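First the structure, in the form of C-alpha cells, and then the observations on it.
None of these values were measured; they are calculated from a predicted model.
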Amino acid sequence: MRDLKREHLRICPQGYTCCTSEMEENLANRSRAELETALRDSSRVLQAMLATQLRSFDDHFQHLLNDSERTLQGTFPGAFGELYAQNTKAFRDLYAELRLYYRGANLHLEETLAEFWARLLERLFKQLHPQLLLPDDYLDCLGKQAEALRPFGEAPRELRLRATRAFVAARSFVQGLGVASDVVRKVAQVPLGPECSRAVMKLVYCAHCLGVPGARPCPDYCRNVLKGCLANQADLDAEWRNLLDSMVLITDKFWGTSGVESVIGSVHTWLAEAINALQDNRDTLTAKVIQGCGNPKVNPQGSGPEEKRRRGKLAPRERPPSGALEKLVSEAKAQLRDVQDFWISLPGTLCSEKMALSTASDDRCWNGMARGRYLPEVMGDGLANQINNPEVEVDITKPDMTIRQQIMQLKIMTNRLRSAYNGNDVDFQDASDDGSGSGSGDGCPDDRCGRGASRKSSSSRTPLTHALPGLSEQEGQKTSAASCPQPPTFLLPFLLSLALTVAGPRWR
C-alpha cells in the first residue's frame, strides 16, 4: 500500500493527508460559514423572543390609551355638552401627542400637557363668556394669572406628575426591548476573522484530512476555539446584564396609583376632573380674572352668559387591573433572566448544541493535532482574557468597532431606563421642568424650572434613535498511510465529499 504524498497544508498539522491545499481552503471557508450560520440561528431565537415581548407590551400599552380615548368620546358629550363638542380637536390632538411621545417622538411631555391646558383654558373661558370681547392680549393676561388661579384645580398637576412617570416608564421599557433586539441583530452580522476561520477549520475538518474522521473534538478544545472567535461578543456581557437588570427594575413602576396600568388607561378621568373644577369655580374665577386683567368690553353681538347648569359629572373611577400586564411582566422577567448570560455562554452553547463533540474518554477525542487528551486550560471570557489563547491568535489591542458601538448603545439605553425609574426623561431632564403652564397652577423647585429649551413643533419632531418599530458577527503527528489508502487523484474530491456527507456537518 502506497503512502499518500505529503501535502503542504497551511492550517492542518503536517503529515499524510487526504486533502489538497485547495480542499483545505474550501473547507476553511465552509467551516467559517457554518459557524456564522450557527451564530445567526442562535441570535434569531433571541431576537424572536425580544420581538414577541415588544409586540405584547406595545399592544397592551396602546390598548390602555385607546380605551381611555374611547371612554372620553363616549361620555364627554353627554356630560359637558358644547364645552366638549367645540373642543373635540384639542382632546384628539392631546391623545395623538401622547401616542407620539410613547412611540418615541422627540417632544417634551410636560410642555405638551402645559400647552394643552393653556389652549383649553382660553377656549373654555371664551365659551363660558360669549357676552364678552376677549382679545388676544386679554387672553394672554388670563394665561399669566392661571398659575395662581388654578382654574382646573389639581387635575393638571396630578396628570402631569403621574402621566410623566407612567409614560416615561412604558416608553423606556419598550424601547429597551427594541434596543436589545437591535444589538443582537447587528452583532450577529459581524464577520468572523481569518484567525478564527483557521482555528475552526482545524477544529472541525482537520481530523478528516488526517484520516481520522471518526474523532470528535475535545470539549475544552472547542470552548477555547470559540472563546477566541467570540472574544469581542463576550465583552457585551456586562452592559447587556445592566440593561436587562434595568428593564426588570423599571417594571416596578407599572403598578400602583401612579403606575402604567392605572394612569395610561385613565387619562380621561383627569380631563373630566379639570372641566368639573372649571365649572364649579366659574364665578370665582371670573371675578379674579377681571380683578387682575380688568373689565373686558361687552360683545354687542354676543349672547348672554351661558346658562349656568350642571350636567352629569364624571366621577373618576380607579381602573381595576385586568391581570394581563401582570402576566406579561412575569413572563418577561423570566425570559430576560434566562438570556442574561447569552454572550458569555455562546461558546459553550454552540459547542454543546451545535458541535458534534466527543463523548469518548479524554484520550480518544480530537485535540487539534491527533486523537488524545486536550491539555491546555480553558480561557476566560472576553477579549483581554484571550492573550494566551492556544488555539486562536487574538489581537487584544484591536477590539471590533461594531461591537464597541453596540456596547455604547446598551450603556445609553441603560442610562435612559435608570432615569425613567426616577421619573425623568433623559432627553429632557435638563430642559424646563415647569409643567404647570397656563392653567395647571403647579409650581416647581427653582433649580428645575429653567426655560432654556423650547418645545419642538410637530413638523420638526424627529424620532429618537430607538423609537418603537412601526405598527414597527508545533509539528504535526504523522498518521499511518493505511488509514488513508491511495486513491486516484481525480477521485480525491469525490471521496472527501463522501466522507463529509457520512460524518455530516459538524455544526448542526
Kindly indicate whether the side chain of Cys351, heavy atoms from C-beta on, has any atom under 4.5 Å from the side chain of Leu226.
yes

SG atoms of Cys209 and Cys18 less than 2.5 angstrom apart:
no

Determine whether the interatomic SG-SG distance for Cys229 and Cys196 falls below 2.5 angstrom.
yes

Looking at CZ of Arg373 and CG of Asp220, how far apart are the two atoms once the value is rounded to the nearest 0.5 Å?
11.0 Å

Evaluation steps, ring pair (Phe, Tyr, Trp, His ring centres under 6.0 Å), between Phe61 and Phe167:
CA-CA 9 Å; Phe61 295 148; Phe167 276 91; 9.2 Å; no

Between Thr251 and Val248, is there a donor-acceptor pair closer than 3.5 Å when you use the side chain of the first and the backbone of the second?
yes

Applying salt bridge (charged side-chain N to carboxylate O under 4.0 Å, His left out), can you list everything that pairs with Arg70, at least two apart in sequence or on another chain?
Asp67

Step by step, work out the side-chain contact (heavy atoms from CB on, under 4.5 Å) result for Ile403 and Gln233.
CA-CA 7 Å; Ile403 292 179; Gln233 286 83 341; 3.7 Å; yes

Please round to the nearest 0.5 Å and tell me the distance separating atom NZ of Lys202 and atom CD of Glu24.
11.0 Å

Asn224 backbone acceptor or donor facing Asn389 side chain under 3.5 Å:
yes

Sequence neighbours excluded, which residues qualify as ring-ring contact (aromatic ring centres under 6.0 Å, His included) partners of Tyr374?
Tyr221

Measuring only between side-chain heavy atoms, which start at C-beta, is Lys411 closer than 4.5 Å to Asn415?
no

Quick one: list whatever passes side-chain contact (heavy atoms from CB on, under 4.5 Å) with Glu25, sequence neighbours left out.
Arg10, Asn29

Any idea which heavy atoms bring Ser31 and Ser197 closest together, and the distance?
OG-O, 4.1 Å

Please list, chain by chain and in numerical order, all residues satisfying ring-ring contact (aromatic ring centres under 6.0 Å, His included) with Phe173, sequence neighbours excluded.
Phe57, Phe254

For Gln47, what residues pass the side chain to side chain donor-acceptor pair (under 3.5 Å) criterion, not counting sequence neighbours?
none

Side-chain heavy-atom pair Leu243, Leu417 within 4.5 angstrom cut-off:
yes

Could you check whether the rings of Trp343 and Trp240 sit parallel, tilted or perpendicular, using 30° and 60° as the cut-offs?
perpendicular

Which atoms form the tightest heavy-atom contact between Ala420 and Val168, and what is the distance?
CB-CG1, 3.3 Å

So, using ring-ring contact (aromatic ring centres under 6.0 Å, His included) as the criterion, who are the partners of Tyr421 when residues are at least two apart?
none

List in chain and number order the residues that pass side chain to side chain donor-acceptor pair (under 3.5 Å) with Asp245, two or more places apart in sequence or in another chain; answer none if no residue qualifies.
Gln340

Taking all non-hydrogen atoms of both residues, which atom of Gly380 and which atom of Gln386 are closest, and how far apart?
O-NE2, 2.8 Å

Using side chain to side chain donor-acceptor pair (under 3.5 Å) as the criterion, list what pairs up with Asn232, not counting sequence neighbours.
none

With sequence neighbours left out, what residues match Val45 under side-chain contact (heavy atoms from CB on, under 4.5 Å)?
none

So CD of Glu239 and CG of Asn242: to nearest 0.5 Å the spacing works out to 5.0 Å

Determine whether a donor-acceptor pair (N or O, by modelled atom type, separation under 3.5 Å) exists between the side chain of Thr20 and the backbone of Met23.
yes

For residues Val200 and Val225, determine if any side-chain heavy atom of one lies less than 4.5 Å from a side-chain heavy atom of the other.
yes

Sequence-distant partners of Glu158, salt bridge (charged side-chain N to carboxylate O under 4.0 Å, His left out), two or more places apart
Arg162

Salt bridge (charged side-chain N to carboxylate O under 4.0 Å, His left out) with Arg99: which residues, sequence neighbours excluded?
Glu69

Would you say the side chain of Val394 lies within less than 4.5 Å of the side chain of Ile387, judging by non-hydrogen atoms?
no

Is there a side-chain hydrogen bond (donor to acceptor under 3.5 Å, both in side chains) between Glu261 and His60 once you walk through the steps?
CA-CA 9 Å; Glu261 180 82 13; His60 184 78; 3.2 Å; yes

Pairwise disulfide bond (SG atoms under 2.5 Å apart) hits with a residue in residues 368-413, at least two apart:
none

Applying side-chain hydrogen bond (donor to acceptor under 3.5 Å, both in side chains) to Tyr102 and Gln175, what does each step give before you reach the verdict?
CA-CA 10 Å; Tyr102 164 71; Gln175 283 179 344; over 6 Å; no

Given Asp237 and Arg241, is the salt bridge (Lys or Arg N to Asp or Glu O under 4.0 Å) satisfied, shown in steps?
CA-CA 6 Å; Asp237 178 67; Arg241 289 175 182 271; 2.9 Å; yes

The reported gap from CG in Leu72 to CG in Leu94 (rounded to nearest 0.5 angstrom) is 9.0 Å

Can you tell me how far the NZ atom of Lys186 sits from the CD atom of Gln409, to the nearest 0.5 Å?
6.5 Å

Which atom of Ser43 lies closest to which atom of Ala188, heavy atoms considered
OG-CB, 3.5 Å

Apply side-chain contact (heavy atoms from CB on, under 4.5 Å) to the pair Lys333 and Val329, showing each step before the final yes or no.
CA-CA 6 Å; Lys333 284 182 175 180; Val329 169; 3.8 Å; yes

Between Arg404 and Asp400, is there a side-chain N and carboxylate O pair less than 4.0 Å apart?
no

Let me see the working for Leu113 and Leu159 under side-chain contact (heavy atoms from CB on, under 4.5 Å), right down to the final yes or no.
CA-CA 9 Å; Leu113 292 171; Leu159 179 59; 4.1 Å; yes

Evaluate the criterion side-chain contact (heavy atoms from CB on, under 4.5 Å) for residue pair Gln53 and Ser181; output intermediate values, then yes/no.
CA-CA 10 Å; Gln53 291 288 352; Ser181 180; over 6 Å; no

Using modelled atom types and a 3.5 Å cut-off, is there a donor and acceptor pairing between side-chain atoms of Glu36 and backbone atoms of Leu192?
yes

With heavy-atom distances below 4.5 Å as the criterion, would you say the side chains of Ser56 and Glu331 are in contact?
no

Do side-chain atoms of Arg416 reach the backbone of Ser172 as a donor and acceptor pair under 3.5 angstrom?
no

Looking at Cys19 and Leu27, what are the two nearest heavy atoms and their distance?
SG-CD1, 4.4 Å

Looking at side-chain heavy atoms only, is the closest gap between Ile407 and Asp235 below 4.5 Å?
yes

How long is the straight-line distance from CG of Leu271 back to CG of Leu120, given to the nearest 0.5 Å?
8.0 Å

On a heavy-atom basis, which atom in Asn367 and which in Met369 lie closest, and how many Å separate them?
OD1-N, 2.9 Å

Answer whether the closest heavy-atom distance between the side chains of Thr349 and Phe342 falls below 4.5 Å.
no

